[in-house]
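The block underneath contains the structure these notes are about, expressed in structure tokens.
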Number of protein chains: 2
Amino acid sequence: MKKAIATQSIQNYLKHIYELTEGGQPASTTDIARELNVKPASVTGMVQKLAAEKPALVGYQKHQGVTLTAAGKKAALEVIRHHRLLETWLVQTLGYSWDEVHEEAERLEHVISEDFESRIAAALGNPTRDPHGELIPTEDLKMPPDKSIPLSSLRPNQTGIIQRVNAQNADLLRHLDELGLVPKVCVEVVEYSSFDNNLTIKVGSKSLVLGSNITTKIFIKCG
Amino acid sequence: MKKAIATQSIQNYLKHIYELTEGGQPASTTDIARELNVKPASVTGMVQKLAAEKPALVGYQKHQGVTLTAAGKKAALEVIRHHRLLETWLVQTLGYSWDEVHEEAERLEHVISEDFESRIAAALGNPTRDPHGELIPTEDLKMPPDKSIPLSSLRPNQTGIIQRVNAQNADLLRHLDELGLVPKVCVEVVEYSSFDNNLTIKVGSKSLVLGSNITTKIFIKCG
DNA sequence: AAAATAATTTAGGATAGACTAAATTTTACG
DNA sequence: CGTAAAATTTAGTCTATCCTAAATTATTTT
């Protein structure tokens, strides 16, 4: 009897492969390895197993990178739904702040039942976004369309409303919170430096200069 | 670099050893094996590792059974506190019924943080008993004293209030629920059969005949 | 007290999932 | 193009945790 891959491994691999392939490009073993804090060689081994599952969870041709199959994508969206519902729920019912939730959700996402998932979804009124503004996959595991664009793509005189902040690092999130760069807040670009891609923006009454390490993580709905 | 035992293994072993040694007697490898659904030989191996930890988590002399050290007991009570708080909280905030919670709590208990633990404890008003009436270890990891006695020890004309039901099996719990044998309910013993130890009891307006498979799991505060 | 039975431990093996080092393939560039 | 650099894969190792089978120790029976 061949032993199954641990579901936690599967879920972590698929979740990160999903995020890396959102742009449409296959993910390299190196990138996956960096995300998972594992060596590239380990990724090769695991990815070969994921491709050998029935049904296959990833498409994989050596040196051509890794993509998700329909089954793999579904499994990935299931974990992401768990994660984002959990974050929402930790913030709303237990008073966590948006910078504290990630770690806790990261551990819980692998162990909760579907029953638990639907109970918290219902208790929260089937939310569509998590505390960072990220879209929550629907119950039938479709990722809703996202029309937001990175703050880094705005130019002087353009304005927008912060829709989502794509970051997990607690320190960074706390920093952004202090700057007031949280979902639903209005921002206006004042100046753009083509030299270093820094943006000078106005948030409320404050002026801020932001590097691309931040502006590429904040997504805007143009207004 | 010696690799640590997985915390989930540690916790599951300690939790079950705690329960088996509550009577004061050391636990045999066979009993532990049955509880954990592993073979006795595996228990021997793991118990030797637990005894070699610094500080030691179990006391262990070959052929003499296994006991918990102070450190091991503390770790066991930590998991039990997690479990019972989780059960309480699943029932009270997500509408689980008392027969559904065990499985879910069993998986969550190993992954929640201390922060999570104290948040739910506070949200619940630091409860002292879980939905089955079992005592919840205190925050400083002491198990409160329990003065309840098994229903099986009552005799005709004696009455009591159900304090706790020591069972996890969902089907059994559902059955007990249907019979009305839940904490805080009043029972009166009508008849005792020394032949098979069956008790005939009155609960509300109903009369029931209960075997020892049930009467030894229901604990009573004499009234 | 010897023999039979039960419980426990030892010894040896499997598998999952990580790692390292070496071999190979792809990509970039003079 | 052809070679250097980068990325990837292969091969082999390690540890945790389980397993089975055989050996040993404890307990019970006669």
Side-chain angles (χ1 to χ4, degrees), chain A residues 1-17 20-21 23 25-54 56-68 72 75 79 106-107 110-111, chain B residues 1-17 20-21 23 25-54 56-68 72 75 79 106-107 110-111:
Chain A
M1 187 212 311
K2 219 164 278 183
K3 214 176 198 176
I5 313 170
T7 75
Q8 234 205 287
S9 285
I10 296 187
Q11 292 178 344
N12 274 331
Y13 271 89
L14 293 180
K15 184 174 66 160
H16 284 105
I17 294 168
L20 291 167
T21 54
Q25 290 301 105
S28 72
T29 53
T30 315
D31 289 345
I32 299 169
R34 188 181 26 254
E35 289 289 314
L36 289 164
N37 289 311
V38 137
K39 303 298 176 198
S42 305
V43 174
T44 301
M46 182 56 74
V47 152
Q48 285 169 346
K49 287 184 211 163
L50 294 172
E53 288 286 293
K54 290 174 190 169
L57 297 170
V58 300
Y60 170 69
Q61 291 297 118
K62 55 164 71 171
H63 302 284
Q64 305 306 134
V66 183
T67 56
L68 288 180
V79 193
E106 194 89 344
R107 279 174 284 115
H110 305 295
V111 304
Chain B
M1 187 212 313
K2 220 163 277 183
K3 215 175 195 176
I5 313 169
T7 74
Q8 232 201 280
S9 285
I10 296 187
Q11 293 178 343
N12 275 331
Y13 272 89
L14 293 180
K15 184 173 66 160
H16 286 106
I17 293 168
L20 290 168
T21 55
Q25 289 302 104
S28 72
T29 54
T30 315
D31 289 346
I32 299 169
R34 187 181 26 254
E35 288 289 314
L36 289 164
N37 290 309
V38 299
K39 303 298 175 194
S42 304
V43 173
T44 302
M46 181 59 72
V47 152
Q48 285 170 344
K49 287 184 212 163
L50 292 174
E53 289 285 295
K54 290 175 192 167
L57 298 169
V58 301
Y60 170 68
Q61 291 298 118
K62 53 164 73 172
H63 297 110
Q64 305 307 132
V66 182
T67 56
L68 288 181
V79 192
E106 194 88 344
R107 279 175 284 112
H110 304 295
V111 303

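In what follows, chains are A, B, ... by sequence order, proteins preceding strands, each numbered from 1.
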Using a heavy-atom cut-off of under 4.0 Å over every strand shown, decide if A/T29 touches base, sugar-phosphate, or nothing.
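If one applies the 4.0 Å heavy-atom cut-off, A/T29 turns out to touch the sugar-phosphate alone, with no base involved.
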
Nearest-Å distance for atom pair [atom1]/[atom2], residues [X] and [N]:
X: B/Y13; N: D/dA16; atom1: OH; atom2: P; result: 14 Å
X: B/R34; N: C/dA6; atom1: CZ; atom2: P; result: 14 Å
X: B/L36; N: D/dC19; atom1: CG; atom2: C1'; result: 15 Å
X: B/E53; N: D/dA16; atom1: CD; atom2: P; result: 10 Å
X: B/I5; N: D/dT17; atom1: CD1; atom2: C1'; result: 11 Å
X: A/K62; N: D/dA11; atom1: NZ; atom2: P; result: 9 Å
X: A/Q48; N: C/dG17; atom1: CD; atom2: P; result: 14 Å
X: B/H63; N: C/dA7; atom1: NE2; atom2: P; result: 12 Å

Please evaluate residues A/L68 and A/L14 with respect to the criterion side chain to side chain contact (heavy atoms under 4.5 Å, CB included), reporting the C-alpha separation (whole Å), side-chain torsions for both, the decisive distance (0.1 Å), and the verdict.
CA-CA 8 Å; A/L68 288 180; A/L14 293 180; 3.7 Å; yes

Please pick, from [options], the nucleotide with the shortest atom-to-atom distance to any side-chain atom of [X].
X: A/V38; options: C/dT9, D/dT17, C/dA18; value: C/dA18
X: B/A6; options: C/dT9, D/dT17, D/dC18; value: D/dT17
X: A/A41; options: C/dA21, C/dA16, C/dA18; value: C/dA21
X: B/K39; options: D/dT20, C/dT20, C/dT9; value: D/dT20

Can you tell me if the side-chain N/O atoms of [X] get under 4.0 Å from OP1 or OP2 in [N]?
X: B/Q8; N: D/dT17; value: no
X: A/S42; N: C/dG17; value: no
X: A/T44; N: D/dT10; value: no
X: B/S28; N: C/dA7; value: no

Checking B/D31 against B/H16: is there a side-chain donor and acceptor pair closer than 3.5 Å?
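On atom types as modelled, these side chains do not qualify, holding no pair under 3.5 Å.
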
I need the B/I10 CD1 to B/L50 CG distance, nearest 0.5 Å.
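Spacing of CD1 (B/I10) from CG (B/L50) equals 6.0 Å.
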
Nearest 0.5 Å, please: how far is NZ in A/K62 from OG1 in A/T29?
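Answer rounded to 0.5 Å: 12.5 Å.
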
In plain terms, say whether A/K15 and A/E106 are close enough for a salt bridge, that is, a side-chain N and a carboxylate O under 4.0 Å apart.
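Looking at A/K15 and A/E106, the cut-off is met.
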
